[in-house]
Every structure is written in C-alpha cells, then in structure tokens.
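Reckoned from all heavy atoms, side chains included, excluding hydrogens, waters and symmetry mates. Residue numbers start from 1 in every chain, and the chains themselves are labelled A, B, ... in the order their sequence lines are given, proteins ahead of strands.
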There are 2 protein chains.
Amino acid sequence: MADIYRALADPTRRAILDELIKREGQTLFEVCGRLAMAHGIASSRQAVSQHLAVLEEVGLVRTERQGRTKLHWFDGSPLKSIVSRWPIPRGKSKS
Amino acid sequence: MADIYRALADPTRRAILDELIKREGQTLFEVCGRLAMAHGIASSRQAVSQHLAVLEEVGLVRTERQGRTKLHWFDGSPLKSIVSRWPIPRGKSKS
DNA sequence: AGGATAGGCAAGTCGTACCTTGCATTTCAA
DNA sequence: TTGAAATGCAAGGTACGACTTGCCTATCCT
C-alpha cells in the first residue's frame, strides 16, 4: 500500500484521525477506548494497531515511544497533496 | 460504496479526474484514450465506465447525455468535506 | 431499414484489504 | 525476579472491490 488515499479509504482509520485531533499523544489503548465511546466502533486492539501502522506509514500519524507505551499524534501535512492536486471550489461543504 | 474517500482510493479513478480537468466534457472513449496516452493505463472500456459511475455516484463527476454520447465534467465540490474535516497546515506539499 | 457507433447491464473470477488468533517482546512495579 | 501491562509479529480466514466476459439498448448515418 503506502498511499494516503488508500489510508483514508477506511472509515475506522478516519475515525482514528478524528480522535487523535481531539486529544494529542494518545496510546493505543486510549484510541481503542475512544473509538468505542465516541464512534461505537468495537475494533480489537490488533485491528487498531494495524490501522495506526498504516496511518503512520503514510505520514498522517507521528509516534514517539515512552517506556512501554507509544504515543500518537495527528499530522495533516500529507493532506496538502490532495488539496493541491485538484481544484476545490470555495464555500462551505454541503454535507 | 458511495463514499468519496473510497472513490479516491483507486489510482485509475484519480487519473480519470486528472484527465477530466485537462479537458472538459469528455466522452467515455476519450477518457479511455487519454488514460492510455498520458498515464499508460490500458483499462478496458467497461472498467473505465464503472470507474466513472463510482465517481459520479459520489459527485466528483457530473454528466450530461448528448444523443448517443455521454459527456463528463469534473466537480471538486465534494473535496471540500475533506478539507473541512481535518486541519491542514499551510505551505507547499513536500512530495 | 440496416449497419455502425457509444454506451449499459449482469454474472463470474481473482486479488487483496481487513480482521482474527496465537504467541513473542519489552517495560514497569512489587 | 516474577507477574502484569502495553505493544509487536506472523499466519490464516473472509468479504469486498476491480476487472473481465458476454450480451443488450439506444442513437446516428447512408
């Protein structure tokens, strides 16, 4: 894979990005819990771990190890390639 | 499906959007030819037709029938939902 | 009318993304 | 040092997306 568009194609991964924005530096377990709370997504720990790995691979998530935990941050820089590729009209999105 | 993120996940569909920007109101056969010329993509007519259907379903492509041909236009409006969902830093994209 | 052109529809195949299962690794705490 | 907590790794299963194949419909031209 290794493609920002494919990374964004999964709804669970998009929800993960949403949660990482609400609170920075979350651990894997924190993300799991918040997914269940705010989105009703009951993904297993391994599933979320793999999603985070995909997001990290394309640069949408940056990580830092602290002891036995791993903290995750959202990084929107890769999204710039989407914005610059196609013309986007101004104004509010209708949805 | 019916999801702009899934629609953008396919490289061929992204190339189709690129070509529709270069020249507006293209027919199915024009898109096929330009994909082969500019991107080296040798997709069959049916494959391109299905891709266009997906893009139209999510609003990234608008169409208009003219006799026995069907013309296609790019519409970037749905992309606004991506921009407004996550914070995107300013500046040029690194890639 | 008849052929040719442009496109649509539907069933089937195949690859792969997503998830699970099980176990291994690293770190902290008593 | 022993157990528990947080995460990593790898193989297997399953479902869905992308493509093909075959045939059908609609429109234009002579």
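- A donor and an acceptor atom, one from each side chain of A/E24 and A/H72, are nowhere located under 3.5 Å apart.
- Comparing D/dT20, C/dG8, D/dA6 by their nearest atom to the side chain of A/T69 picks out D/dA6.
- Of the charged side-chain nitrogens involved, none lies within less than 4.0 Å of a carboxylate oxygen, so that B/D18 and B/R34 do not count as a salt-bridged pair.
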Would you please test B/E19 and B/R14 for salt bridge (Lys or Arg N to Asp or Glu O under 4.0 Å) and show each step? CA-CA 9 Å; B/E19 290 309 310; B/R14 297 196 294 270; over 6 Å; no

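- Judged by atom type and distance alone, B/Q50 reaches the base of D/dT20 through a side-chain donor-acceptor pair under 3.5 Å.
- Scanning atom types as modelled, no donor and acceptor separated by under 3.5 angstrom connect the side chain of B/R6 and the base of D/dG17.
- The side chain of A/F29 approaches D/dT7 more closely than any other nucleotide in the set D/dT7, D/dC19, C/dC18.
- Relative to the side chain of A/R65, the nucleotides D/dT7, C/dT20, C/dG8 differ in distance, and D/dT7 lies closest.
- In this structure, of C/dC18, C/dT20, D/dC19, it is C/dT20 that holds the atom nearest to the side chain of A/A47.
- Candidate nucleotides C/dG7, D/dC19, C/dT21 were compared by shortest atom distance to the side chain of A/Q46, and C/dT21 ranks first.
- The side-chain heavy atoms of B/K80 and A/R90, taken from C-beta on, include no pair separated by under 4.5 Å.
- Between the OH atom of A/Y5 and the P atom of C/dA17 there is a distance of 18 Å, rounded to whole Å.
- Put simply, the side chain of A/R68 and the base of D/dG8 share no donor and acceptor less than 3.5 Å apart.
- A close approach under 4.0 Å does occur between a side-chain nitrogen or oxygen of A/S49 and OP1 or OP2 of D/dG8.
- Under 4.0 angstrom from either OP1 or OP2 of D/dG17 there lies no side-chain N or O belonging to B/H51.
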